[in-house]
Every structure is written in C-alpha cells, then in structure tokens.
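Notes follow the structure.
Whatever order the structure lists them in is the order used to number ligands and atoms, beginning at 1. What you see is a predicted model; the values in this text were computed from it and never measured.
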Amino acid sequence: MSDAAERSMTLPNDQDASGRSFDHEELEQLRMVLDSGTLTCTKGSRVRELEQSFAERLGVDRCRAAASGTAALHAAVAAIDPAPGDEIVTTPITDMGAITPILYQSAIPVFADVDPRTYNVTAATIEPKLTRRTKAVMVTHLFGNPCEMDEILELCRGRGIPVIEDCAQAYGASYRGRPVGTLGDIGCFSLQQGKHITAGEGGLVVSQSEHYTRRIRLFIDKAWGYGDPNPDHYFLALNYRMTELVGAVALAQLGKLDGNVKQRVDMADRLTAALQNVPGVDAPEVAHHAVNSYWRYALHVDPAVIRGGAVALGDLLRERGVFCAPRYIQKPAFECQVLRDQVTFGNSRFPFVGPQREGEPEIRYDRADTPGTIEALERVVVLPWNERYTEEHVDYVASVIAAAAQRLAIPAAAGEGRS
Ligand SMILES: Cc1ncc(COP(=O)(O)O)c(C=O)c1O
C-alpha cells in the first residue's frame, strides 16, 4: 500500500474543543448569569428562556429543562405514573439512562426487538410485547434516525397507550415534516457532552399535554406546588433542576443547532455518496419521509462480504485514526448486569417479583426473542460524527473505509455483491 493510502488524519472529537462549537456567545450568557448572582433556575431567567426558545423551535407550547437526559426521561415516566409492576415497552439498543428511570418508577422495562437495518423498534416488534400491564411505550430515534412513527402511534393510540420519544440523539430530525419529540405524548432530549448541542449535562422535555407538563415540572422540583394557593409536596419526586449556568450555555448552543445539524447532515450525505460503490458496507437506511440528523453515522457491514464483519472493519478503521464503535453497545441492554440479575433495591427483585406481579407471567429476558437486535449489533459500526467535520475529514474517512473493505473483501462474495 502507498504512503498516501496509509496516512492518518486527526478527526474532530466531540469530547474536546476540536469537535464542539463554543465561543463568545456562551461566555456572554455565562457572564450574564454570574453578574446577576442568581444561579438557581427557580429565580433566574436563563433556564426559563431556554425552555421557551426550545418549545418555540419545536412548535409546542411547553418545555421543561432538567439536570440530564436521564432526568428528563425519568420525569416523563413519572408523569405517566405507572403503578408498581406495570410495564413500559422500549428498545434493547439504547443508553441505560433510558431504562433505569423505568425501574426507579417501579415499572418493568419490556424489550421490543429492533429492525436489523434501521436499528429502531417498529409497530410490528412492539405489538407482541403489549399486555394489559403496558403503561407506556418509549421509542428511541437511534443515531438521529427517526422511528417509523405513524404505525407506532396508530398502534399505541388504538390502545390508549402514551408514547415517550427519546430524542437524546435526534435533535433536528423530523418525520413527515414534523420534528421528532412532538409526534408522541412526551419528547426527551439530552445536553450531555457528545450530543448535537451540549452544556456538559442537561435535559429538555416537551409535551403538548398540560397534565403531563405539570407533572414533569413538579417531578423536576420535588413536587412542590410553586405558585399554587396551598402548595405542598404532592408526590414522590427529586431535585432534577437545571442550573442557570447550564441553562446559559444551552441557550447559546441552541442558537447554533440549525447550523450544527446542517453540517452533520451535509457531511453524512457526502459520505453516503462516497460509499455507494463499496461492496459490503452500506449507509444508514433513512425513510424517504424522514430526516436523519446524524448524531452518529451508523455503517452497516455485511459479514458475507467483509471478512470478520463489523469488528474486523472497525479494527482497521481505528488503526487509521477513525475511532469508531463496532457493535455499538456490545450487547442488548437487557444483558447488562442489573437487568440480567434483576437485583434492584437492596437484595430485592422489585418490581420484577412481588405481590404487584401476582398472577402475571414472569419477566424473562432472552436474546432469542430479539434476533433483529443481535443482527443489528453484529453488523453495525458506529462512526464518530460532529459539526466540525469538513469535506476533507469525510473524504479521509471514506477512503479509509474503502481501503479497509477492499483489504477484507471475501473475493467470491464481493464479486456477487457487485453483480
Ligand atoms: C438514547 C439515549 N437516551 C438517554 C440518554 C441519557 O442521557 P444523559 O446522558 O444526558 O443522562 C442518552 C445519552 O446520553 C442516549 O443516547
């Protein structure tokens, strides 16, 4: 191989300034907060303005800020208020921050399979998991690619089941012209370090429902009825408030969201075009009526064409400085220790086992029930992606992928793939 083919390039990294977009705007917002001396959102104005701006941008009436994406999802689940032992159907390919809130609210996560090509849950995979105990469905628009929402909403609305959209990875994504987060009953976003916009940590929750929004606001603030004639702590809740410092940074970041999303999408489209003739490596599958906002670029690798599949390809990419994640989260979420053992509070198996589940079938997680998930994890290579990627970076990534695919090509299969 020539020197040029072996050259390495340092790509922008969303864990430091090289892949993030902070400037004087964040500093000005922060200074405003510090000069005011008010760092709590209960008295300050930055978090309130962030909530209003985000709601306006999504075309909804209400948004509430929270301390993290996990807190946002926790507030969403708490708003729906499951009874102990109720079930919430979700996806096995997600962040644990989307699952633990379900357990903390004494409900049980039940895992629908994903489509092995889009990595998202579908109405067809959710339906067999619905029972009389299903209290909500939580979908994740994974990597920024929207779930097929019409069918999911039709299924759930027909049964009176609310839908939570986990949009932590999907700012700027849309489905049939509508922003994700506004399609279901509650939408949750994260401002954690690596997202489309960030304040280090933070979360945002949107809903069109006055009832849910009130419960979300209360849950984020110890369920204290601020402003009510006879306020009290109405129900079990936590302090999940966002600080004004975080709100200030998030507000400045919000002004950059459109630009960040556009750059991610443009660069992703460029990579997709470049990969068209690379056998065994496919671009993300995006429905024609959806916009993927590319939190990450998920390559689909065919092990019948690429020797060693996703892992082997990923190894070669990393050697050239493309620090990708073959197999993404490695195993379905239900195989993580806490869910595998179902040991939760003390030594108990609450809410999986106990009187709240009397007469109900035992919840058993089994990878045999989720073949699409196993296939998806086997075949995916998740490329790092951020708003600082330029054409030069993308061309480099494309050339590294093409070279790796060529090196690992299984001759007969690659030939067949081309015909
Ligand atoms: C899909 C998804 N859901 C939930 C979360 C949790 O958000 P946070 O880390 O802000 O708590 C994340 C990631 O961070 C995520 O990617």
Side-chain angles (χ1 to χ4, degrees), residues 14-15 20 47 50 54 63-78 88-105 109 111-112 114 118-121 136-147 149 163-173 180-181 184 186-206 216 219-220 238-243 246-247 249-250 253-254 264 284 292-298 325 327-330 332-334 336 338-339 373 376-377 380 382-386:
D14 65 18
Q15 300 303 298
R20 303 281 65 184
V47 170
L50 171 69
F54 196 64
C63 166
R64 293 287 173 256
S68 66
T70 305
L73 287 157
H74 196 170
V77 174
I88 295 186
V89 177
T90 187
T91 168
I93 308 187
T94 188
D95 184 87
M96 202 37 87
I99 298 170
T100 40
I102 298 173
L103 288 163
Y104 270 99
Q105 286 310 111
F111 294 95
V114 303
T118 64
Y119 318 115
N120 282 333
V121 292
V137 167
M138 185 191 287
V139 302
T140 299
H141 305 297
L142 201 70
F143 307 132
N145 197 16
C147 297
M149 289 303 289
V163 175
I164 300 170
E165 294 179 76
D166 180 353
C167 310
Q169 305 182 355
Y171 287 93
V180 299
I186 305 176
C188 299
F189 295 79
S190 162
L191 289 158
Q192 177 263 341
Q193 174 75 38
K195 299 303 193 286
H196 288 76
I197 51 171
T198 184
E201 304 289 351
L204 296 161
V205 198
V206 295
I216 288 162
F219 187 74
I220 288 169
L238 298 156
N239 175 357
Y240 274 160
R241 294 188 303 243
M242 176 183 281
T243 78
V246 170
V249 175
Q253 285 276 290
L254 194 56
R264 284 170 177 266
N292 182 344
S293 65
Y294 292 97
W295 174 63
R296 296 285 183 257
Y297 190 104
R327 301 183 55 82
Y328 186 41
I329 55 170
Q330 308 306 313
F334 55 74
C336 292
V338 58
L339 292 168
T373 300
L377 293 176
V380 74
V382 181
L383 299 180
W385 212 247
N386 60 64

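The side chain to side chain donor-acceptor pair (under 3.5 Å) test with Arg296 is passed by exactly one of Asn386, Asn145, Asp14: Asp14. With Phe111 as the fixed residue, the side chain to side chain contact (heavy atoms under 4.5 Å, CB included) test singles out one of Thr91, Val89, Thr373, Ile99: Ile99.
Scanning the protein for heavy atoms near atom 3 (N) of ligand 1, the closest one is Asp166 OD2, 2.6 Å. Atom 6 (C) of ligand 1 has as its closest protein heavy atom Asp95 OD2, 3.5 Å. At the shortest separation from atom 14 (O) of ligand 1 among protein heavy atoms lies Lys195 NZ, 2.7 Å. Considering only non-hydrogen protein atoms, atom 16 (O) of ligand 1 sits nearest to Gln169 NE2, 2.9 Å. Remark: minimum distance from atom 8 (P) of ligand 1 to any protein heavy atom is reached at Gly69 N, 3.6 Å. Atom 11 (O) of ligand 1 has as its closest protein heavy atom Thr70 OG1, 2.5 Å.
A donor-acceptor pair under 3.5 Å links the side-chain atoms of Tyr171 to the main chain of Ser190, judged by distance alone. Put simply, the side chain of Gln105 never gets that close to the backbone of Ala78: no donor and acceptor are under 3.5 Å apart. Of the possible donor and acceptor atoms, one in the side chain of Thr198 sits under 3.5 Å from a partner among the backbone N and O of Gln192.
With Ser190, Ala72, Ala67 as candidates, the residue nearest to atom 10 (O) of ligand 1 on a non-hydrogen basis is Ser190.
Side-chain atoms of Tyr104 and His74 include no donor-acceptor pair closer than 3.5 Å.
You'll find the side chain of Leu339 reaches within 4.5 Å of the side chain of Leu103, heavy atoms only. Using a 4.5 Å cut-off on side-chain heavy atoms (C-beta onward), Val114 and Val121 make contact.
Proximity to Gln192 (heavy-atom distance under 4.0 Å) selects the following atoms of ligand 1: 9 (O), 10 (O), 14 (O). Atoms of ligand 1 found under 4.0 Å from any heavy atom of Thr94 (numbered from 1 in listed order, with element): 1 (C). Of all the atoms in ligand 1, the ones that sit under 4.0 Å from a non-hydrogen atom of Leu73 are 4 (C). Under a 4.0 Å criterion applied to the non-hydrogen atoms of Thr140, ligand 1 contributes the atoms 1 (C). Counting atoms of ligand 1 from 1 in the listed order, those under 4.0 Å from a heavy atom of Ser68 are 10 (O), 11 (O).
Contact annotation: for Leu142 versus ligand 1, there are no heavy atoms closer than 4.0 Å.
For Leu191, the heavy-atom gap to ligand 1 stays at 4.0 angstrom or more.
Ring geometry, Tyr119 versus Phe143: the interplanar angle exceeds 60°, so the pair is classed perpendicular (tilted spans 30 to 60°).
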